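Working notes, structure below.
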There are 2 protein chains.
Amino acid sequence: MPRNRRPQDREEKRAEIVAAATTLFTESGFDQTSLSKVASAAGVTTTTIYWYFADKDALLVAVLDDVLDTALAEAALEPERPWAEQVLWAVDRLERFERLVTVVHARAATAEAVGAWHDSFHTLMDAMMVEGYRGAGVPEADLVPMTRISAFVVEGLMTHPQTEHDRRAVIELLTRPR
Amino acid sequence: MPRNRRPQDREEKRAEIVAAATTLFTESGFDQTSLSKVASAAGVTTTTIYWYFADKDALLVAVLDDVLDTALAEAALEPERPWAEQVLWAVDRLERFERLVTVVHARAATAEAVGAWHDSFHTLMDAMMVEGYRGAGVPEADLVPMTRISAFVVEGLMTHPQTEHDRRAVIELLTRPR
DNA sequence: ACCTGAACACCGTTCAAGT
DNA sequence: ACCTGAACACCGTTCAAGT
């Protein structure tokens, strides 16, 4: 028992830091959240964060991983629904992470770790959506561009709040069989 | 002559600062460009910038206005072409401003002036594209969602570099009559 | 009116020192 | 192995002082 208490504590403390950062980055923005704010919200010192994460961008990646894992787990519990409903549900659920989306784009060009996360995120999304579109009867040749357009539209809707009516119209047009 | 020399100088110096900031923000990114770098590139002191602009975000808005004006003037000279060609041309021309796009999204939530610029930019784009789509025979009810999807896709292509082939496929699918 | 140098509060990050 | 306080270089911004 004493053998594995340390690693467990370590995991717990790391998780507390990530949890604090997730809330603050999501609600106040990455740039507007200093590491000292994250530290005091997590009950540690600023320098302690550097024992768990290489730098602020590495902490951001940990937050992104956490949010993505949670979202995927949640999505897995959702019943199968028409494709348009699913997209609408996803946008609804993810809208609050708008600030994470914009900061990923802003820092992807600068911080290698964030860029790598961004790339693999889109690879994953593409793979998941291809299934949905194939099932919906989209011609094989259109699958890749269609998933890309969908990803862009979902990101666009997340980062450009619309009236409920306009949002529905966009998703309906996007998913309408052609 | 002496009466209007001062205002003219003022305009010139302001333009030099904006020009320096445009290059640096575009190539190195907004966050990575300190005001002291802008200042020395423009041959002034950091504090001088504050005589011309309220803060760093106001300078960003001036850069955005400048880039947009130039782009619109350039576009006006282009011959009328098929809609798909026009979108492709626009993405090609604007790709180098990727870092401006991402920083506008990142700061729109924080800096009111940037948020206002972003809103009016999309209003302008919507108005311009509605014309194009109406001319291409898109049904009246689909015009608004269609312009919104197009804006999201253009932004997506600008901020997510693709192979030339994939980019073409996306634009072709987007503009294909339905 | 325009420009500057010095100063301020804050930031991310490092590091020697503790346990 | 883990955590800290003090320090570093830098940042955006302010302001009293110059012309």
Side-chain angles (χ1 to χ4, degrees), chain A residues 1-18 20-21 24-25 28-63 99 103-104 106-114, chain B residues 1-18 20-21 24-25 28-63 99 103-104 106-114:
Chain A
M1 197 108 50
R3 185 109 68 84
N4 65 356
R5 193 165 73 228
R6 271 283 203 55
Q8 195 165 323
D9 285 358
R10 180 174 172 83
E11 270 316 301
E12 271 170 31
K13 187 155 268 178
R14 202 194 112 106
E16 274 168 36
I17 295 171
V18 172
L24 289 165
F25 290 174
S28 313
F30 179 79
D31 290 332
Q32 286 73 33
T33 302
S34 65
L35 287 180
S36 88
K37 280 184 195 156
V38 175
S40 71
V44 296
T45 308
T46 302
T47 41
T48 297
I49 295 179
Y50 284 88
W51 185 257
Y52 292 89
F53 303 95
D55 52 27
K56 201 184 177 187
D57 288 299
L59 176 56
L60 174 60
V61 170
V63 165
R99 309 193 84 141
V103 80
V104 165
R107 299 215 51 82
T110 309
E112 214 182 329
V114 179
Chain B
M1 196 111 46
R3 183 110 66 83
N4 63 359
R5 193 166 72 230
R6 270 283 202 55
Q8 195 165 323
D9 286 357
R10 180 173 171 83
E11 268 317 300
E12 270 169 32
K13 187 154 267 179
R14 202 193 111 106
E16 273 168 37
I17 295 172
V18 171
L24 289 165
F25 289 175
S28 313
F30 180 79
D31 289 331
Q32 287 72 33
T33 302
S34 65
L35 287 180
S36 88
K37 280 183 195 157
V38 175
S40 71
V44 297
T45 308
T46 301
T47 40
T48 298
I49 295 179
Y50 283 87
W51 185 257
Y52 293 89
F53 304 95
D55 52 27
K56 201 184 177 187
D57 287 300
L59 176 57
L60 174 59
V61 169
V63 165
R99 309 193 83 142
V103 81
V104 164
R107 299 216 49 84
T110 307
E112 213 182 329
V114 179

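Values in this document were obtained by computation on a predicted structure and should not be read as measured data. Throughout, a chain's letter reflects where its sequence line sits, starting with A, and its residues are numbered from 1.
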Rounded to the nearest angstrom, tell me the gap between atom CD in Q32(A) and atom P in dA9(C). 21 Å
Identify which nucleotide among dG12(D), dT4(C), dT4(D) has an atom closest to any side-chain atom of Y50(B), counting heavy atoms from C-beta outward. dG12(D)
Please state how far atom CH2 in W51(B) lies from atom P in dG5(C), giving the value in whole angstrom units. 17 Å
May I ask you to say what S34(B) touches in the nucleic acid, namely base, sugar-phosphate or nothing, with a heavy-atom cut-off under 4.0 Å? sugar-phosphate
Which heavy atom of A62(A) sits nearest to which heavy atom of R14(A), and what is that distance? CB-NH2, 3.8 Å
Would you mind telling me which of dC15(C), dT4(C), dT13(D) lies closest to the side-chain atoms of L35(B)? dT13(D)
Minimum-distance pair of heavy atoms, taken over all atoms of Y50(B) and D55(B): CE2-CA, 4.0 Å
Closest heavy-atom contact between A20(B) and V38(B)? CB-O, 4.0 Å
Nucleotide nearest K56(A) (side chain, heavy atoms from C-beta), chosen from dC3(D), dC2(C), dT13(C): dT13(C)
In whole angstroms, how far is the C1' atom of dC2(C) from the CD1 atom of I17(B)? 11 Å
Taking a pair as Watson-Crick or G-U wobble with both distances under 3.5 Å, which nucleotide is matched to dT19(D)? dA1(C)
Please tell me which of the listed nucleotides, dT14(D), dT4(D), dC3(C), lies nearest to the side chain of T48(A)? dT4(D)
Distance, rounded to the nearest Å, where K37(A) contributes NZ and dC10(C) contributes P: 10 Å
Between dG12(C) atom C1' and D55(A) atom CG, what is the distance in whole Å? 9 Å
Among dC2(D), dT4(D), dC3(C), find the nucleotide with the atom closest to the side chain of T45(A). dT4(D)
Of the nucleotides dA1(C), dC3(D), dT4(D), which has the atom closest to the K13(A) side chain? dC3(D)
Distance, rounded to the nearest Å, where D31(A) contributes CG and dC10(C) contributes C1': 14 Å
Under 4.0 Å, heavy atoms only, any strand: does Y52(A) hit a base, just the sugar-phosphate, or nothing? sugar-phosphate
Heavy-atom neighbours of E112(A) CD exceed 12 at 6.0 Å: no
Supply the atom-to-atom distance F30(A) CZ to L24(A) CG, rounded to the nearest 0.5 angstrom. 12.0 Å
Can you tell me if R10(A) touches the phosphate of dA1(D), counting only side-chain N or O atoms and a distance under 4.0 Å to OP1 or OP2? no
For the pair made of CZ in F53(A) and P in dC2(D), what is the distance, rounded to whole Å? 13 Å
Rounded distance in Å - CZ (R14(B)) to P (dC2(C)): 13 Å
Once you apply the 3.5 Å cut-off to both distances, tell me the Watson-Crick or G-U wobble partner of dA9(D), or none. none
Suppose we call a contact any N or O donor and acceptor under 3.5 Å apart; does that hold for the side chain of T46(B) and the base of dG12(D)? no
